[in-house]
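Below: the structure, in structure tokens.
Chain A is the first sequence line, chain B the second, and so forth, proteins listed ahead of strands; every chain is numbered from 1. Small disclaimer: the values here were computed from a predicted structure and weren't measured.
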Number of protein chains: 2
Amino acid sequence: MNNKEKLRNAGLRPTKQRMIVADILLNGFNRHFTAENLQDEINSSGNSMSIATVYNCLKKFKNCGLIKQVETSKDTAIFDTNTDYHHHFLNEETGELIDIENEEISLHKIPEIPQGYLNNGIEVIIKLKRHN
Amino acid sequence: MNNKEKLRNAGLRPTKQRMIVADILLNGFNRHFTAENLQDEINSSGNSMSIATVYNCLKKFKNCGLIKQVETSKDTAIFDTNTDYHHHFLNEETGELIDIENEEISLHKIPEIPQGYLNNGIEVIIKLKRHN
DNA sequence: AAGTAGTTTAGAACGGTTTTAAAGTAAAAA
DNA sequence: TTTTTACTTTAAAACCGTTCTAAACTACTT
Ligand SMILES: [Mn+2]
Ligand SMILES: [Mn+2]
Ligand SMILES: [Zn+2]
Ligand SMILES: [Zn+2]
């Protein structure tokens with residue numbers, strides 16, 4: 001399935017801007033990135049896009065499940081092209097994230113979900129500090 | 001141990017402002033809160049404090065381990081008086097956090113820590129959505 | 001081709017957080 | 001005690017990531 005089809009499939013109009021973003025993000029290589037990272041990459045690919053459009057696009061892609069946003073308390077939002085269920089190492093000094101595949105971790109026991117709610121995804125973050 | 005001692009013990013001068021904050025936060029009842037929540041509570045206790053001091057104070061308390069900051073991608077920083085090793089339910093709609101005590105959850109298998117790094121704490125977030 | 005609903009954009013606005021620099025206070029030194 | 005020093009508080013401005021505004025533009029439908 002090509003990117004135009006992916007967008008259509010997700011219910012998004014394949015505009016010029018969304019295709020530029022899809023070409024960068026949906027190429028099979030996973031990455032963690034900020035809105036600014038993405039805009040820089042768009043610029044260095046010879047294209048350009050307003051920061052509002054970058055954010056609009058990321059919000060749409062996220063709502064369609066084409067990308068995810070990582071749960072971290074950094075000041076800048078971190079997005080993730082890996083939409084599989086997975087977890088992260090977080091280097092708190094640098095902010096760097098490393099994927100932990102689902103099979104690499106196992107939650108043996110989880111608490112009862114509060115009345116009236118459903119489990120909507122578990123995120124495990126293993127914080128790292130440099131060894132000496 | 002009284003709050004003045006707690007502050008001294010943590011290497012912090014027990015200033016008037018830090019004592020006001022300690023009286024609110026270190027009373028044995030745990031809570032999740034923002035800087036603004038805390039300032040509101042200071043105001044309604046008949047005191048007042050600049051927002052810069054609230055943030056300075058929270059940063060110091062956090063660095064001393066008197067409070068923690070929760071790992072969530074909300075736009076506003078969430079602090080936690082529960083400094084025990086524990087986890088959270090997160091209602092993504094409202095931002096509400098509920099503690100999960102360490103005994104309520106068990107990680108059966110965790111991945112190998114990358115070369116040169118140490119495990120500096122694991123945070124599990126169970127995201128909740130309302131059931132129908 | 002014409003209509004319309006959705007999209008992009010520059011720039012302004014917003015909101016949480018940090019910085020600045022001057023005044024104030026706590027602890028240490030004399 | 002007084003003096004000195006280092007640390008703290010503060011109002012206000014700055015900062016910075018993100019969202020909003022409203023006008024121009026574009027993709028899709030008829
Ligand atoms: Mn923040
Ligand atoms: Mn944010
Ligand atoms: Zn990831
Ligand atoms: Zn908690």
In whole Å, what is the span from the [atom1] atom of [X] to the [atom2] atom of [N]?
| X | N | atom1 | atom2 | value |
| --- | --- | --- | --- | --- |
| B:Leu7 | C:dA27 | CG | C1' | 15 Å |
| A:Asn37 | D:dT18 | CG | P | 11 Å |
| B:Lys16 | C:dA26 | NZ | P | 10 Å |
| A:Phe61 | C:dT7 | CZ | C1' | 13 Å |
| A:Lys60 | D:dT19 | NZ | P | 14 Å |
| A:Ile78 | D:dG17 | CD1 | P | 11 Å |
| A:Lys4 | D:dT26 | NZ | P | 15 Å |
| A:Arg13 | C:dG6 | CZ | P | 7 Å |

When you measure from the side-chain N and O atoms of A:Gln17 to the phosphate of D:dT26, is any distance below 4.0 Å, counting only OP1 and OP2?
no
Answer yes or no: does a side-chain N or O of A:Arg18 lie under 4.0 Å from OP1 or OP2 of D:dA27?
no
What class does the angle between the rings of A:His32 and A:His88 fall in, given that below 30° is parallel, 30 to 60° is tilted and above 60° is perpendicular?
perpendicular
Salt bridge flag under 4.0 Å for residues A:Lys68 and A:Glu123
no
Quiz question: by atom type and distance under 3.5 Å, do the side chains of [X] and [Y] form a donor-acceptor pair?
| X | Y | value |
| --- | --- | --- |
| B:Ser48 | B:Asn43 | no |
| B:Asp84 | B:Asn102 | no |
| A:Thr34 | A:Asn37 | yes |

Let me spell it out: for each of B:Thr15 and B:Asn56, pick the nucleotide of DNA chain C with the closest heavy atom. Which residue's pick is nearer the 5' end?
B:Asn56
Here's a test of your reading of the structure: between B:Gly11 and B:Ile51, which maps to the more 5' nucleotide of DNA chain D?
B:Gly11
Taking for each residue the nucleotide of DNA chain D with the nearest heavy atom, is it B:Leu12 or B:Ser50 whose nucleotide lies nearer the 5' end?
B:Leu12
Side chain of [X] - closest among [options]:
| X | options | value |
| --- | --- | --- |
| B:Tyr55 | D:dC28, C:dA27, C:dT18 | C:dT18 |
| A:Ala52 | D:dA6, C:dA10, C:dT17 | C:dA10 |
| A:Thr53 | C:dT9, C:dG16, D:dT10 | C:dT9 |

Only one of A:Asp40, A:Leu38, A:Leu97, A:Asp80 passes side-chain contact (heavy atoms from CB on, under 4.5 Å) with A:Phe33; say which it is.
A:Leu38
What do you reckon, are the aromatic ring centroids of B:Tyr85 and B:His87 less than 6.0 Å apart?
yes
Within residues 64-72 of chain A: residues closer than 4.0 Å to DNA chain C (heavy atoms):
none
